[in-house]
Amino acid sequence: MNHAVKAAEFVANAERAHWHDQALWFVREKRDKVVHALPEWETLRETAAAVKAYTVAHLADLLEQFEENAIRLGAHVHWARNPAEHNDIVLGILKQHDVKHVVKSKSMLTEECHLNPFLERNNIDVVDTDLGERIVQLRNEHPSHIVLPAIHIKKEEVGELFHEHLGTEKGANDAKYLTEAARQHLREKFMNADAGITGVNFAIAETGGIVVCTNEGNADLGTSLPNLHIACMGIEKLIPRAEHLGVFLRLLARSATGQPITTYSSHFHGPKPGAELHIVLLDNGRSDILGNDDFRNSLNCIRCGACMNTCPVYRRSGGHSYEATIPGPIGSILNPIQDPKKYHSLPFACSLCGSCTDVCPVKIDLHHQLLTWRREIALKGCLPLSKRLPIKLASIVLKRRWLYNLAGKLARCLVPLMPRFLLYNRLNDWGKQRELPLFPKHSFRELYKRHKRINMDGK
Amino acid sequence: MESKHHILSAIRQHKLDGRELPNLGQDWITYDNLPEQFATMLESVGGQCVFANDPADINVQLTQIPAYTEATRICSLIDGVGDSNVDLNAIDDPHECDDIDFAIFAGQFGVAENAAIWVTDQNLKHRVLYFIAQHIALVVPTARIVDNMHQAYEQLSFAEPGFGTFISGPSKTADIEQSLVIGAHGARSLTVFLLPSAT
């Protein structure tokens, strides 16, 4: 995949790209407002980062502690090395309970594992219950943002979609009306579900409990009605103690949507009476990241999406241009770890402005890691010719003083005389939206020499 | 079992420096007037805060709430508060809670910084009631409002199996073009009655 190519498709519709940019900036501004109201924000970030660093350094012990406590509370714990194992485990549990209909609340991890299509292939009906996720599911798309899955879709399009699938009035596109229609439609799904699948925001080693945060209440409805709850989590979601939730719950919603906390922050300790709770722990490359000094602290991520809302590239190119489960700055770090060849262009979808690093609630040094990735990608030989060749040329020229001087002279003489088509063509990506500056008659060295001479003469 | 072993040894092969857990006893935010701060935050997250004198006053105040006066099925978990006509303990299947219009619960404590109220499934047969009822009200003594989430967790222990959640405002979504809509899947409204002392 190539981010620049996909992004070009997105920005081709300038009006829409602008609208998308503004929608996300609105969320970033809401975040700023609540963050600035808390004098201890920086202390909170530092504390959170330190808790995560401790967790990562003791992850194996903490995972064992978590498993032991979760089992003591009556939950079942499963371990999956990769998405295939994860999906088999989930399917096995569902089959054991003869489940036909599943309601799912938001879980980027099940997106990572492509759980929905897998279950559908096995004749299990899966309904995403987060409104944004339901919208993208009905459109046969994937979320374009990890917190705001349908941020790329306009209300007119939702109106059309709901008219087709939920029978709302044609042309009706009032958000309130459409949300009410979804509420009725999904209430029916909740009532008919045999099992609820959720993600996990935090898992507590000390207690064996899990915490799931939503604004809609869909995770709670989905797990309080049926007698089977399957919670899927990456192994990095662990925190050592319940008291650490005080830190993370203060950071999460403020960073994500500018709310002081999500509407529901639900703590599940064991199954509901008479029911079963299964917790599936997924590795899928996370243990490798843990061993990598450059990218280790990307495991701090609590999936708030703040880096996306602030990123000038993400805002203007849309989540789908990353062609990955997790887009944006954090995705541009995590995806190349999974597949550097496929995702080689993502670390370059970045202006290195550092805004993501500034807003990250768990202090991931995102833009530094993105810069590191550029070097890694070159070393791995994953750079395309269009980048390799100019760098090679530059290296030849910059190593030789005479050649550098000659190239400068030639450029100053010839470029102003060259016809446009020679300068601005498909080989010049840089010039697609930019004009070359006027070339000076003399180089800096020439000017410097002349000034020195004049000064000497003057004495 | 094999996967567990594999994952744990994959993690353990990376020897990382033992780090210390940070000190959580920081100078976290506090408020001069906890009930006022709580009420302001609750309004900002879409809830209504009502200062009541006593349970009898709550009953008077309830008659001012259209969602309550228009409700057919009311389930109150607090003796003497609300005209409860649903006996939750007589319901076996939680799905049957679907037609409950208004539910009233006791909240354990509130948090001033974000208007969250801690509720649990202790002595509650169907925890789904918090989420499935069309409208809910929570009753919390003002004396049980803490400043921030750190103080909140000092109040909590998770030694026993159980369910608990912080509820901050009514259910909501902004998934359609960032327009805030109250009443996504859970309660369409949340009223919090603050009582002057632990009654």
Side-chain angles (χ1 to χ4, degrees), chain A residues 23 26 38-40 43 47 50-51 53-54 56-57 59-60 63 73-74 79-81 85 131-132 135 148 150 154-155 158 175-176 178-179 183 186 191 207 209 215-218 220-221 224-225 240 242-243 245-246 249-250 259-261 263-270 272 283 287 290-291, chain B residues 3-4 6-8 10-14 16-22 24 26-29 41 45 94-95 98 113-116 121 126-128 130-132 149-150 152-153 156 158 160-179 181 183-187:
Chain A
F26 170 70
L38 267 194
E40 65 254 42
T43 311
T47 310
V51 172
Y54 175 92
V56 167
L59 191 59
L63 281 168
L73 294 168
W79 302 71
R81 273 179 282 185
E85 279 189 13
L131 176 58
I135 292 169
L148 318 160
K154 294 201 165 192
K155 60 177 193 274
V158 178
K176 209 172 149 102
L178 296 173
T179 302
R183 178 184 169 102
L186 287 165
M191 293 296 283
T207 68
N215 281 320
E216 300 184 5
N218 52 324
D220 296 293
L221 264 179
S224 301
L225 286 169
E243 63 187 18
L245 288 168
L249 290 186
R250 296 187 79 194
Q259 294 171 261
I261 189 169
T263 302
Y264 305 101
S265 309
S266 296
H267 300 50
F268 299 84
H269 282 83
K272 110 186 139 111
D283 181 348
S287 55
L290 188 138
Chain B
S3 294
K4 174 185 171 181
H6 190 276
I7 293 169
L8 289 176
I11 296 171
R12 287 204 166 101
Q13 69 172 352
H14 307 298
L16 302 179
D17 295 342
R19 309 226 184 185
E20 294 293 313
L21 276 173
L24 296 187
Q26 303 280 344
D27 193 12
W28 308 121
I29 199 163
M41 284 316 291
V45 296
H95 293 83
D98 185 41
E113 75 159 297
N114 55 21
D121 65 351
H126 300 298
R127 73 184 193 209
V128 76
Y130 289 118
F131 316 105
I132 206 167
M149 290 300 284
H150 310 285
Y153 279 98
L156 295 173
F158 299 101
E160 299 301 317
F163 172 85
T165 187
F166 284 106
I167 298 182
S168 170
S171 151
K172 58 182 83 69
T173 181
D175 274 345
I176 300 176
E177 280 199 18
Q178 284 302 297
S179 319
V181 179
H185 298 302

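Each chain gets a letter, A, B and so on, in the order the sequences are listed, and its residues count up from 1. Small disclaimer: the values here were computed from a predicted structure and weren't measured.
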Shortest non-hydrogen separation from [X] to [Y] and the atoms involved:
| X | Y | result |
| --- | --- | --- |
| B/Tyr153 | A/Glu243 | CB-CA, 4.1 Å |
| A/Leu73 | B/Glu160 | CD2-C, 3.9 Å |
| B/Arg127 | A/Phe268 | NH2-CE2, 3.5 Å |

Q | Polar contact flag, side-chain donor to acceptor under 3.5 angstrom, A/Glu216-B/Ser171 | A | no

Q | Short side-chain donor-acceptor distance under 3.5 Å, A/Glu85 and B/Ser3 | A | yes

Q) Who are the salt bridge (Lys or Arg N to Asp or Glu O under 4.0 Å) partners of A/Arg183, not counting sequence neighbours? A)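 Partners of A/Arg183 under the salt bridge (Lys or Arg N to Asp or Glu O under 4.0 Å) test: none.
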
Q: List in chain and number order the residues that pass salt bridge (Lys or Arg N to Asp or Glu O under 4.0 Å) with B/Arg19, two or more places apart in sequence or in another chain; answer none if no residue qualifies.
A: none

Q. So which part of A/Leu63 gets closer than 4.5 Å to some heavy atom of chain B, the side chain, the backbone, both or neither?
A. side chain

Q) Is chain B contacted by the side chain of A/Leu249, its backbone, both, or neither, given a heavy-atom distance below 4.5 Å? A)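 Contact with chain B involves the side chain of A/Leu249 alone.
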
Interface moiety of [X] toward chain A, non-hydrogen atoms closer than 4.5 Å:
| X | value |
| --- | --- |
| B/His6 | side chain |
| B/Asp98 | both |
| B/Phe131 | both |

